[in-house]
Amino acid sequence: IIAYIGDPQWVSSPCLRHRMDVDGSVEIVFDPEDPWNNDRTNELIAEFLQRNPEALIFTGPFSDGEGDRRIGAAASQERTNVATFD
């Protein structure tokens, strides 16, 4: 994982939080000044993909998923709501 696209407040994984907040090895692609602006988000994604031409984007079941290099992914665990990444 080299980036997280979206509001980082929704990340609960301690490992991923550390990589975003402490060592900066995971880039956050998000504009906290305008979080609901889809055009701005798409602009930031395009900039990220330009800097990282080999990156793939995994989208959730409710993402638009349009565009090159995007893969739709959804997963869950039986009887719990624990994230698959954790």
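Numbering of residues begins at 1 and proceeds along the displayed sequence.
Here the CD-CG distance, from Q50 to N52, works out to 10.5 Å after rounding to the nearest 0.5 Å. Distance CZ/R17 to OG/S12: 9.5 Å, rounded to 0.5 Å. Taking CH2 from W36 and CG from D7, the interatomic distance works out to 7.5 Å, rounded to the nearest 0.5 Å. Atom CD of residue E27 and atom CZ of residue R19 lie 12.5 Å apart, to the nearest 0.5 angstrom.
For F30 against G6, the heavy-atom pair with the smallest separation is CB-O, 3.2 Å. Y4 and V26 get closest at one heavy-atom pair: N-CG1, 3.8 Å. When all heavy atoms of D39 and N37 are compared, the pair lying nearest together is N-OD1, 3.0 Å.
Connection of L49 to L56 is not established within any shared hydrophobic cluster, with ILVMFWY side chains joined at heavy-atom distances below 4.5 Å, either directly or through further cluster members. Residues I28 and W10 fall within the same hydrophobic cluster, defined by Ile, Leu, Val, Met, Phe, Trp and Tyr side chains chained together at heavy-atom separations under 4.5 Å.
Taking the side chain as every heavy atom from C-beta outward, E33 and R40 never approach each other to under 4.5 Å. Side-chain atoms of I5 and L44, non-hydrogen and from C-beta on, never get closer than 4.5 Å to each other. In this structure the side chain of F58 never reaches within 4.5 angstrom of the side chain of I1, judged on heavy atoms.
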